[in-house]
Amino acid sequence: TTGIAPNANLFDVRVLDASGAGTLSDALEGINWVMYHAREYNIRVMNLSLAAASTDSWDMDPLCNAVRAASSMGITVVVAAGNFGVNAAGKESYGTISSPGHEPSVITVGSVNLKGTVARSDDVVNNFSSRGPTRGATVDSKGVRQVDNLLKPDLVAPGNRIVASLAEDTSGAGGAWNVLATKYPDLSKVGGAGQSQDKALMMLSGTSVAAPVVAGAVAMMLEANHGLTPPMVKAILQYSAQPLPNANIAQQGAGLLNVDGAVRLAQALRND
């Protein structure tokens, strides 16, 4: 349960409330905080485990503009694709990538179920994982809606029943657990976990937990080769990804994250 990059330094910029809701302005302020402090704290990777509905094209969407600015200054931005892969009727739904996941410069991550096995032959894209292509659009001079139709997600990563730290308010509320763990206690039933204060674990599923897996992999890549730029990181991740045989490109992008392959390829490149 130590995660992908256990020795990485983390800066937790909170922009959502305890129930996962928030405002666009807070999200933009959080991104701006990261950009402002990036050089001071050597922040090289930004993970956005949030998704907003948007009908705007990527070049007009305010969240996309913000993360594109972060990417242009050398911060690799990893974004959750969204959890809208199934519609209200229970049918698979394409064109459901959320904002800012429809921004071309970021790494948009979908979710995979590993089926509890080491082998990759039985891995499948989660039904909830948002599918491409992107559906943001602009209206041209003739009043016709021009849809972006970008191929997203860029790749997929483990995002089903992922075990990680259970956030609790030790100082303010005497160790009170977070809202999700309190409302759904089954999430905290992790085999072998003692669940003592400040050491509790919980399970979560979603593209919001798949994206940090990729963010951790990016941290390892940058440790192996500090000269990588955000476009190079994205290219390496997609080149080394392993396509799942039973998923199409709108479901899985380039395929399933291959941490070992990505780090080895990063090591093989010049760092200047």
Side-chain angles (χ1 to χ4, degrees), residues 1-34 37-38 41-52 63 67 70 75-84 98 100-101 107 109-114 126 128-130 157-220 257:
T1 58
T2 53
I4 300 296
N7 290 323
N9 294 319
L10 301 180
F11 295 89
D12 188 2
V13 184
R14 182 172 176 175
V15 298
L16 305 178
D17 64 19
S19 62
T23 64
L24 175 62
S25 59
D26 282 343
L28 293 174
E29 281 297 320
I31 296 169
N32 286 336
W33 186 95
V34 173
H37 293 284
Y41 297 139
N42 191 33
I43 299 174
R44 299 289 309 274
V45 190
M46 178 162 56
N47 181 88
L48 273 75
S49 286
L50 52 81
L63 274 176
V67 294
I75 302 171
T76 300
V77 183
V78 182
V79 179
N83 301 327
F84 309 105
S98 303
I107 300 169
V109 184
S111 175
V112 163
N113 185 346
L114 300 181
N126 285 109
F128 60 72
S129 185
S130 288
N160 192 78
R161 296 172 65 86
I162 300 300
V163 176
S165 300
L166 189 160
E168 49 185 310
D169 189 354
T170 304
S171 57
W177 284 6
N178 66 69
V179 171
L180 271 179
T182 303
K183 189 173 182 180
Y184 305 102
D186 281 351
L187 295 177
S188 63
K189 293 179 180 178
V190 179
Q195 305 302 61
S196 59
Q197 186 168 301
D198 292 332
K199 296 181 181 179
L201 301 174
M202 67 182 293
M203 293 181 295
L204 278 178
S205 299
T207 58
S208 286
V209 291
V213 176
V214 174
V218 174
M220 294 180 64
L257 171 69

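The first residue in the sequence is number 1, and the count goes up from there. What you see is a predicted model, and the numbers here were worked out from it, not measured in a lab.
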Set of residues satisfying salt bridge (charged side-chain N to carboxylate O under 4.0 Å, His left out) with respect to Lys189, sequence neighbours excluded:
Asp186

Side chain [X], main chain [Y], donor-acceptor under 3.5 Å:
X	Y	answer
Thr207	Ala80	no
Asp26	Gly22	no
Gln195	Leu201	yes
Asn83	Gly206	no
Ser130	Phe84	yes

Side chain to side chain contact (heavy atoms under 4.5 Å, CB included) between Asn178 and Glu168: does it pass, once the steps are laid out?
CA-CA 6 Å; Asn178 66 69; Glu168 49 185 310; over 6 Å; no

Count the heavy atoms belonging to other residues, nucleotides or ligands that lie under 6.0 Å from CG of Asn9, then report whether that count exceeds 12.
no

Using side chain to side chain contact (heavy atoms under 4.5 Å, CB included), reason through Ile31 and Leu48 one step at a time and then give a plain yes or no.
CA-CA 9 Å; Ile31 296 169; Leu48 273 75; 3.9 Å; yes

So do the side chains of [X] and [Y] get within less than 4.5 Å of each other, counting heavy atoms only?
X	Y	result
Pro158	Val209	no
Leu187	Trp177	no
Val67	Leu63	no
Ile162	Leu204	no
Val77	Ile107	no
Val163	Met202	no
Glu29	Val15	no
Ser188	Leu166	yes

Tell me the closest heavy-atom pair linking [X] and [Y], and the distance in Å.
X	Y	result
Ser49	Ala211	OG-CB, 4.3 Å
Ser98	Ala51	CB-CB, 3.4 Å
Ala215	Asn47	CB-OD1, 3.8 Å
Gly216	Ile4	C-CG2, 3.5 Å
Leu50	Pro100	CD1-CD, 4.2 Å

What's the verdict on side chain to side chain contact (heavy atoms under 4.5 Å, CB included) for Phe11 and Ile43, showing C-alpha distance, side-chain angles and the deciding distance?
CA-CA 9 Å; Phe11 295 89; Ile43 299 174; 4.1 Å; yes

Candidate pair Thr76 and Met46, rule side chain to side chain contact (heavy atoms under 4.5 Å, CB included), full reasoning:
CA-CA 6 Å; Thr76 300; Met46 178 162 56; over 6 Å; no

Side chain to side chain donor-acceptor pair (under 3.5 Å) involving Asn126 - partner list, sequence neighbours excluded:
Ser111, Asn160

Between Trp33 and His37, what is the ring plane arrangement, given parallel below 30°, perpendicular above 60°, and tilted in between?
tilted

